Amino acid sequence: MRINWGVPERPVLERARDVTEQEWAGIPWLRVLSPEHQDAAVAGLRVAKVQPGERIVRLGRPATFWFGVVDGLLKMSNDTPSGGTITYMGVPPGAWFGEGTLIKREPYRYNIEALRRSTVAGLPIEDFHALLDRSIPFNRYLMNQLNERLGHFIAAREIDRQDDPDSRVAGSLAQLFNPVLYPGVGGLLRITQQELGYLVGLSRQRVNQALNTLAEHGLIGIEYGGVRVRDLAALRAFSMR
DNA sequence: GCATTAACACGTA
DNA sequence: TACGTGTTAATGC
């Protein structure tokens with residue numbers, strides 16, 4: 001763990017570029033906007049590639065962008081005083097986060113770092129507030145997302161109370177397959193068993209064991225470098241058992 | 001007892 | 001070649 005208070009390393013999006021046509025499709029809230037608002041948003045949007053371990057958002061830094069995952073996998077976490085890490089959530093493709101912090105105009109209250117090579121997009125805070133002031137569809141999108149995330153964190157508390165590793169893996173997977181919060185995931189979540197281990201707090205070997213149990217129950221399919229959902233409702237149910 | 005680390009073989013991108 | 005997966009053995013709480 002390296003702390004460098006007051007030594008600002010280059011923010012991720014300073015070496016960013018404009019969004020490509022293809023990346024458009026991976027940004028779910030763009031399509032709810034009116035054409036004029038779409039144009040304005042696209043003009044402000046920045047995109048950058050990040051490496052594993054690289055931090056996109058740093059605790060205590062002023063909130064400057066609304067961030068989203070176009071491709072890859074991030075995690076949201078905080079460090080504990082005792083030197084450990086609390087991981088709040090995995091952040092898969094289609095996820096957009098930080099709106100609460102932007103609305104309050106406060107510093108970020110968590111770290112976001114890449115678990116693998118990822119493509120990250122950011123909307124500058126001024127553009128974010130401009131949309132908030134002018135676009136009803138954007139407000140509706142955000143309200144829906146905030147509502148969904150409330151349910152997400154309630155579920156996260158339930159998952160945390162389970163001590164059976166299989167249930168915890170089932171619950172974490174079910175969360176990552178949330179179609180509202182993570183529309184970019186679809187039926188196939190690209191995640192290695194090692195990465196899932198980091199998110200759930202288990203060894204790769206134990207995750208492998210849990211995945212095979214879930215697959216035997218017909219809840220998921222195990223693929224090379226990924227997991228496919230077979231029965232999301234049953235996966236959720238399994239995690240609460 | 002159960003999860004973790006370490007180590008290895010094997011398959012895939 | 002580098003990485004992800006499946007498996008086993010030794011170790012620890």
Side-chain angles (χ1 to χ4, degrees), chain A residues 1-2 12 15 20 22-23 25-26 47-56 69-95 111-121 155-178 182-232 234-241:
Chain A
M1 178 178 25
R2 60 262 179 250
V12 164
R15 49 179 162 70
T20 65
Q22 201 187 3
E23 285 158 353
V47 175
K49 296 250 194 268
V50 292
Q51 301 300 318
E54 193 171 347
R55 292 207 171 167
I56 293 89
V69 182
V70 175
D71 185 49
L73 186 66
L74 319 179
K75 73 166 183 181
M76 177 187 290
S77 65
N78 269 339
D79 299 327
T80 64
S82 51
T85 302
I86 300 174
T87 297
Y88 297 118
M89 55 190 285
V91 189
N111 296 308
I112 303 262
E113 73 180 58
L115 282 178
R116 60 163 64 186
R117 284 184 59 105
S118 303
T119 304
V120 174
R157 291 210 61 175
E158 293 179 321
I159 293 165
D160 245 14
R161 292 195 177 193
Q162 304 291 334
D163 55 332
D164 170 35
D166 292 356
S167 299
R168 295 173 59 84
V169 170
S172 292
L173 278 177
Q175 301 235 69
L176 290 167
F177 281 113
N178 183 318
Y182 314 130
V185 172
L188 176 65
L189 174 67
R190 294 212 39 198
I191 191 171
T192 67
Q193 298 178 5
Q194 177 71 79
E195 289 163 346
L196 196 49
Y198 286 140
L199 291 179
V200 186
L202 291 169
S203 66
R204 172 178 77 75
Q205 291 88 334
R206 190 57 186 84
V207 168
N208 177 267
Q209 189 183 320
L211 289 178
N212 279 288
T213 300
L214 299 177
E216 281 165 22
H217 283 77
L219 307 181
I220 60 165
I222 302 172
E223 303 196 6
Y224 187 84
V227 176
R228 187 171 293 282
V229 254
R230 291 261 138 75
D231 188 340
L232 183 52
L235 198 58
R236 285 209 187 92
F238 190 99
S239 75
M240 301 308 170
R241 131 194 108 80

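Residue numbering restarts at 1 for every chain, and letters A, B, ... go by the order of the sequence lines. As the structure is a prediction and not an experimental result, all values here were calculated from the model. What you see below is based on every heavy atom in this structure, not just the backbone, and it leaves out hydrogens, waters and symmetry mates.
- Using a 4.0 Å cut-off, some side-chain N or O of A:Asn208 falls inside it from OP1 or OP2 of C:dG6.
- Taking atom CD on A:Glu223 and atom P on B:dA13, their separation rounds to 10 Å, with Å as the unit.
- Summarising the geometry, atom CD belonging to A:Gln194 is positioned 10.0 Å from atom CG belonging to A:Leu115; distances are rounded to the nearest 0.5 Å.
- Atom CD in A:Gln194 sits about 9 Å away from atom P in C:dT5, given to the nearest Å.
- In this structure, the CD1 atom of A:Ile222 is 10 Å from the C1' atom of C:dG6, given to the nearest Å.
- Atoms CG and CZ, from A:Leu211 and A:Arg206 in turn, are 10.0 Å apart once rounded to the nearest 0.5 Å.
- Put simply, the side chain of A:Ile112 does not reach to within 4.5 Å of the side chain of A:Val120, judged on heavy atoms.
- Across the protein-nucleic acid pair, A:Ile191 atom CD1 and C:dC3 atom P stand 18 Å apart, rounded to whole Å.
- For the atom pair CZ (A:Arg228) and CD (A:Glu223), the distance works out to 4.5 Å, reported to the nearest 0.5 Å.
- The CZ-C1' distance, from A:Arg117 to C:dG4, rounds to 17 Å in whole Å.
- Looking only at side-chain heavy atoms (C-beta outward), A:Leu235 and A:Leu214 come within less than 4.5 Å of each other.
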Provide a list of protein-nucleic acid N or O atom pairs under 3.5 angstrom, restricted to nucleotides 1-5 of chain B.
unit_1, atom_1, unit_2, atom_2, d
B:dA3, OP2, A:Arg206, NE, 3.2
B:dT4, OP1, A:Ser203, N, 3.3
B:dT4, OP2, A:Ser203, N, 3.3
B:dT4, OP2, A:Ser203, OG, 2.7

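- Here the straight-line distance linking atom CD of A:Gln209 with atom CG of A:Leu202 works out to 10.0 Å at 0.5 Å rounding.
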